[in-house]
There are 2 protein chains.
Amino acid sequence: MTRILVVDDDSVLQRTLRINLRARGHEVLLAGTGEQALATFLSEQPELVILDLGLPDLDGVEVLRRLRKRSGVPVIVLSARQEADDKVEALDEGADDYVSKPFSIDELLARVRAAVRRAGSDPDTPETIEADGLVLDFAANRATRDGHPVHLTPTEWRLLAELARHRGRVVSHEDLLRAVWGPHYGRERQYLRVFANQLRRKLEVDPAHPRHLVNEPGLGYRLELG
Amino acid sequence: MTRILVVDDDSVLQRTLRINLRARGHEVLLAGTGEQALATFLSEQPELVILDLGLPDLDGVEVLRRLRKRSGVPVIVLSARQEADDKVEALDEGADDYVSKPFSIDELLARVRAAVRRAGSDPDTPETIEADGLVLDFAANRATRDGHPVHLTPTEWRLLAELARHRGRVVSHEDLLRAVWGPHYGRERQYLRVFANQLRRKLEVDPAHPRHLVNEPGLGYRLELG
DNA sequence: CCGACGCGTTAGGGAAGCGTCAAGATCGGT
DNA sequence: ACCGATCTTGACGCTTCCCTAACGCGTCGG
């Protein structure tokens, strides 16, 4: 989904972040020093940087400053308690957010989500879709058919959103399962049958002859819109 | 332009700030003590607070803490060099930025601009909302249902305000908890149940069948108006 | 002609989420 | 130090949702 550069000399933290961010579907690049961070940034062009201020070689703020010379990439700064001055300096240099150590993984992940969201939502995932009498509002989590509100469950929303991202194209069973249920899934096609059926009953005019949520036997499902 | 509360016991600095901020088109309120600051804040509802940590009566951090109980107003903290610990504490309590004395007026003004800009880019923070017999006045912290005044506690206001910012859209449990209780929260959904229940009992005509504060199981809550 | 396979459809049980109430715990003001 | 208001925490019953196991239908290939 998003390519994220993690700059930290603590290998434990590196590992923790890599695992958690990967589980969220991000691609993770690692750097242990400031020099390495700058080099990796230039060659890989990540879309988000998580930067620890306490680095062995360069001052973290200096790394940020050099990044800012080349790019407006979102940067989340990590800092230890006693580095309060650095924190403010980092904000001045254009850091987007900061998190004080010690922090919970959940908190950092939430800020990553916020940063990614701010950086510009996926152009692939539209906020609202309208076709025939069908209106899907992914931003507000509302759906209506012929003006009548339809209630969708969380899993139904996730499945529908994944199909909407690739609307008009077939999405494989495996991809759908991974996107909706998580990276450990891929073979449970029964799930898809059940939830596709539920969505059709709620969204299609004639659920027995679906015009929007179409199955491609042996391949996957496709969302067809106007 | 913006209404700014300056809290400082140094009359020279008060004067300097008043002149400079007025020159920038801001309305300036002054307070020399913590008590006065809190009183003025409640009555005048400024959009930004500049707070000196070295006050004659209350601890500056204590003033900030009490402000945060009532409001998410942006706060810029001023502190002398030797108060480094207070600085960290202030950031943890939710200060948006801080400036170390001695500082240049230009530097402070730059931070004021930044704070105002950040606050302004927030999704529309409504001042008043009216629907059915329900009137919510976020500027004055007053609510009435069918003309009868309803008393809401600080936490209830903050939850309601966060929902109102995104009215019509589902706000996730996580986002609500972070916005109302702080960045370290995210999993404590029972808080939301309790306070949603309290708000419904106070605001809904039929609390058992809410028409405004609606739950979306597994997703979050939505404030429905009009 | 028949078995294998993929898909649609339905329903039930268990788990998770939610509303509700009330008893501590905390905090601010008197 | 006390009291009232507010927030936290735990417990309980109810609702919603997800997983799972059926069964039927059609298609395809042997």
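Every chain is numbered from 1 and lettered A, B, ... according to where its sequence line falls, protein lines coming before strand lines.
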Partner set under side-chain hydrogen bond (donor to acceptor under 3.5 Å, both in side chains) for A/Asn197, not counting sequence neighbours: none
Separation of atom CD in A/Glu188 from atom P in D/dC18, rounded to whole Å: 16 Å
N or O in side chain of A/Tyr191 less than 4.0 angstrom from D/dC18 OP1/OP2: no
Atom CZ of A/Arg3: over 12 foreign heavy atoms under 6.0 Å: yes
Whether B/Tyr191 and B/Trp181 hold their rings parallel, tilted or perpendicular, with breakpoints at 30° and 60°: tilted
Closest non-hydrogen atom pair, B/Gly32 against B/Pro56: O-CD, 3.7 Å
Residues in contact with DNA chain C, drawn from residues 194-205 of chain A - heavy-atom cutoff 4.0 Å: A/Val194, A/Asn197, A/Arg200, A/Arg201
Partners meeting side chain to side chain contact (heavy atoms under 4.5 Å, CB included) with B/Val194 (sequence neighbours left out): B/Gln198
Distance below 4.0 Å between A/Trp181 side-chain N/O and D/dC19 OP1 or OP2: yes
Centroid-centroid under 6.0 Å between B/Phe195 and B/Trp157 rings: no
Charged N-O contact under 4.0 Å between A/Arg113 and B/Glu174: yes
Touch class at under 4.0 angstrom, heavy-atom based, for B/His209 against every strand present: nothing
Ring pair (Phe, Tyr, Trp, His ring centres under 6.0 Å) partners of A/Tyr98, counting only residues at least two apart: none
Distance-only polar pair, side chains of A/His212 and A/Asp132, donor-acceptor under 3.5 Å: yes
Between P of D/dT16 and CH2 of A/Trp157, the distance in whole Å: 18 Å
Position toward the 5' end of DNA chain D (nearest nucleotide), A/Glu156 or B/Thr155: B/Thr155
Side-chain N,O (B/His151) to OP1/OP2 (D/dA5) below 4.0 Å: no
Comparing B/Glu62 and B/Val214 on DNA chain C - which has the more 5′ nearest nucleotide: B/Val214
Student check: side-chain heavy atoms of B/Val6 and B/Val28 closer than 4.5 Å: yes
A/Arg193-A/Gln190 side chain donor-acceptor pair, cut-off 3.5 Å: yes
Length of the CG-C1' vector between B/Leu177 and D/dT9, whole Å: 15 Å
Closest contact, heavy atoms only, B/Asp52 versus B/Leu55: O-CG, 3.4 Å
Touch class at under 4.0 angstrom, heavy-atom based, for A/Gln190 against every strand present: base
Under 4.0 Å protein heavy-atom contacts per nucleotide of nucleotides 23-30 of chain D, with B for base, S for backbone only and - for none: --------
Interatomic distance where CZ belongs to B/Arg193 and P belongs to D/dT8 [whole Å]: 15 Å
First of B/Gly218 and B/Thr153 reached from the 5' end of DNA chain D, by closest nucleotide: B/Thr153
Nucleotide interval of DNA chain C bounded by contacts with chain B (heavy-atom cut-off, under 4.0 Å): C/dG17 to C/dG29
